[in-house]
Each structure stands twice: as structure tokens, then as C-alpha cells.
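Sequential numbering from 1 along the given sequence is applied to the chain's residues.
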Amino acid sequence: MPLPIICRHMATASSSAAAGGRSRASLAAALLLVGSAGGAGVALCLSPHEAAVLQGAGGTSEPKEPDLWDRWASVKAFLGSWRRGPPPSEVPLPVDKLKCHLQPGGYSLERYHPAVLVLCGSFNPPTFMHLRMLELAQQALAKSGFDVLGCYMSPVNDAYWKAALAGGRHRVRMCQLATADSDSIMVDSWEVEQRQYTRTLFVLQRVERELGALFSAGTTPAPAEPAAGACPPTPPRVVLVCGADVLHSMADPTLWRQDLLETLLRNHGVVCISRTGSDTARLLDKPGTLLNTYRRNVTVVEEPVPNEISSSRVRHELERGHSVRYLLPDAVARYIYSHGLYNTAQQRPRLLHLGDQKRRSPIYVMDPTLGILVDAWDLATPPIMHDPCCD
């Protein structure tokens, strides 16, 4: 079947499925079958990055025969392109918390190894465990001789199709509230603002490009200790932070594109925060795997204080009307209740004491960054205004 006909067939099948009220899963299955029959035709729906990879290193214009994972990725990209609205605007990378940590008395460029950490995930909602993961990763790399300039949380795009996934801009805002008091963790909303799901490698490469351009322009982070002098102009290595479940998925060749995973492990590296009893380190010992080949770029850190907090368990408690205090930052809990997320719209929080209660009357203002109404008390720096019920 000619390529244009395949894509037209995909669009026709999608429209009729949507009109008939079928689920996204049924639609995706139908498109996967089209991809199987159409072969390379699905490549028209790949992102520019993936299309370039599919062309191979030989410079030929003939794309390779896509496997099942390629077709599934193309289906998600195709459906993600239906999102209405203008193309995503360029989202600046926050750099306000980047700092270098030099010892007074100078440094050696040969021995100076800066790094930036990126934690990708749903953050649905963000919990203390997410913040703890970044803290442990910073500590582990610092002991290995790296200067960790800062950390990023990158919430996944809405096209990820995860069950009970709150809207991307809500998750970005919750991450911002969770990290408001951190001196090193920032939130990058670029992934959420794209029109389709973005692979983890491309998120890391984007951060690397932005920081590379910043350092090339002569802009370097401020030193944590002013007496140490200016920071070196060495661009940092961008390292992925993940949990044990993600590292286990990397060991399964059916879950990760192997060429992209190899690039991630070779050029970026991973810090895995392992839960107690997960036996994650053994994944690096299996010969013939990418994790074994690049094991020097994988750091496994076992949480010394067992912590079983997870977003799914927090959502479960919220849906049951239970208290979630001390599982996630108070500002995040306030935001969840004020916006009725995770089926809390009809609930009154029980056994919940979130901050100064005399100011709990919501005052809704427009957030200029997110373009949505938010409770003024949920802002990192609430605006000064008259509240007749609380003055």
C-alpha cells in the first residue's frame, strides 16, 4: 500500500473509532495492525528524532522495517498530534538554582567533573520520596567526585496515557510547590508542553543542549561559596535519576529501544535509587546486556532509611478520604484539595491540618505561567491582598 494511503487510512480509522466512542486502547490496537500491514508507512508519523534514527547510520533514505515497539511509539505520536492548539512554544530551562561547589584555593580542570541530575516521571502527585531520590543521588555523585550543580524534575507528557494521570500543568505546579524550599531542585515543564510523548533520552539531550548553549555564551552558575571564585566554564554531564523499576525495565529489550538506551547509558549514565530488597545490583552482572556493558556509568544507591511512599499509595489514600500529611509537602496537599484532583472534589480532608487554618478561605487568582486559576495560598510567594474573612 502506498505511504500516503496508509496514513490516510490511519486517520480515517482513528476518526471513525473516536466517533463510535471506542476507547483509546481499541484505537491504538487498530493502528498497530495498520502499522503491521503498512510496514514503513508508519514512519511518516514518527518524530523527527525517531525518523532520523530509523534511517540508520549508513546514510540511506530507506527507513528500516519497524518492529512492534516502533509501531507502538508511532501510534502514540500520531494520536498525540491530535492535541488542539498552536505548536508548543519554546520553554526556557530554569537555571536559577544552579551552583558550583568549589573549594577555596582553586581547582584542576582535569579533575573537575560537573553534573546535573534529571528525574523523569509522572509525579502524580509528587511525594517526599521523589525529593529524597534526588537528595540521595546528589550525595552519591558527590562522593564519586562529581560537582552536582543542580537537579531537575521533568513531569511526563499527558500523552503517556497512564491511569488516573492528572493534567500536566497541574503536575508541573505541584512539583513547583514541592520544590519551592529546595536550594537545588528545579522543575522543567518542557516535556509537558510538547504535543506528544517524548522519550527519556530526548529529554536529557534537550537539557544538555540548553546548558551547553548557556555555558558557551559565557554564563556560568554562581559559586556556592563566593570566596572560591568563579565557576569553571565546563558544561555539565546530564545524568538520569530513576527508581529500581525503571532499571529493571532497561534490562528487558522489549521495553526500551536498544539503540536509544545505549546512547543514554553511554553519554549520560544513570543513578538508580533502589528500595530495600529489590536486588537491583544483580542486573548489572548479566553478560551480554547493555547494563553490563555500561555498568561503569550506572550507580546503584540503596536507600539507607526504608521508605515505601509512592504516588499510587498516596492517590489511594486520597480517594478513601484519608490523611496524606507527612507523605507529601503540605502545599501539594492543599493544591490537590483546592483543585479536586484524584477524586477529592466531594471530600472534606479528615485528620488534616495543613498550615495556618485561619487563612484557608481560597482566593483564586490566574497563574500567568500555567494559564489556570490557582488558590493564592498555594503559590510559592502568595500575593498581598485583602482577605475579609481572615483579617
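- Rounding to the nearest 0.5 Å places OG1 of Thr198 at 5.5 Å from CD of Glu191.
- Under the 4.5 Å side-chain criterion, counting only non-hydrogen atoms from C-beta, Pro304 is in contact with Leu136.
- Between Leu290 and Met250 there is no side-chain heavy-atom pair separated by less than 4.5 Å.
- Sorted by first and then second residue, the salt bridge (Lys or Arg N to Asp or Glu O under 4.0 Å) pairs involving residues 125-139 (not counting sequence neighbours) are Arg132-Glu303.
- Residues Val314 and Tyr342 fail the side-chain proximity criterion, which asks for heavy atoms closer than 4.5 Å.
- A salt bridge links Asp158 to Arg171: one of the charged nitrogens lies within less than 4.0 Å of a carboxylate oxygen.
- Counting only heavy atoms from C-beta outward, the side chains of Trp190 and Val207 never approach each other to under 4.5 Å.
- Between the side chain of Ser323 and the backbone N or O of Arg325 there is at least one donor-acceptor pair closer than 3.5 Å.
- Proximity of Glu308 to Met129: side-chain heavy atoms (C-beta onward) are nowhere separated by under 4.5 Å.
- Annotation: ring pair (Phe, Tyr, Trp, His ring centres under 6.0 Å) contacts of Phe123 (sequence neighbours excluded): His130.
- Using a 4.5 Å heavy-atom threshold, the side chains of Leu240 and Cys120 count as touching.
- Gln258 CD: more than 12 foreign heavy atoms inside a 6.0 Å radius.
- More than 12 heavy atoms of other residues, nucleotides or ligands sit less than 6.0 Å from atom CG of Asn292.
- Side-chain atoms of Leu328 and Pro125, non-hydrogen and from C-beta on, do get closer than 4.5 Å to each other.
- Applying the salt bridge (Lys or Arg N to Asp or Glu O under 4.0 Å) criterion to Asp183, with sequence neighbours excluded, gives no partner residue.
- Every side-chain contact (heavy atoms from CB on, under 4.5 Å) that Thr263 has, sequence neighbours left out, goes to Leu201, Gln205, Arg266, Asn267.
- No side-chain heavy atom of Val271 sits less than 4.5 Å from a side-chain heavy atom of Met133.
- Pairs passing the side-chain hydrogen bond (donor to acceptor under 3.5 Å, both in side chains) check and including a residue from residues 231-249, sequence neighbours excluded, read Ser249-Trp256.
- Under the side-chain contact (heavy atoms from CB on, under 4.5 Å) criterion, Pro94 pairs with Asp96, Tyr152, Met186, Asp188, not counting sequence neighbours.
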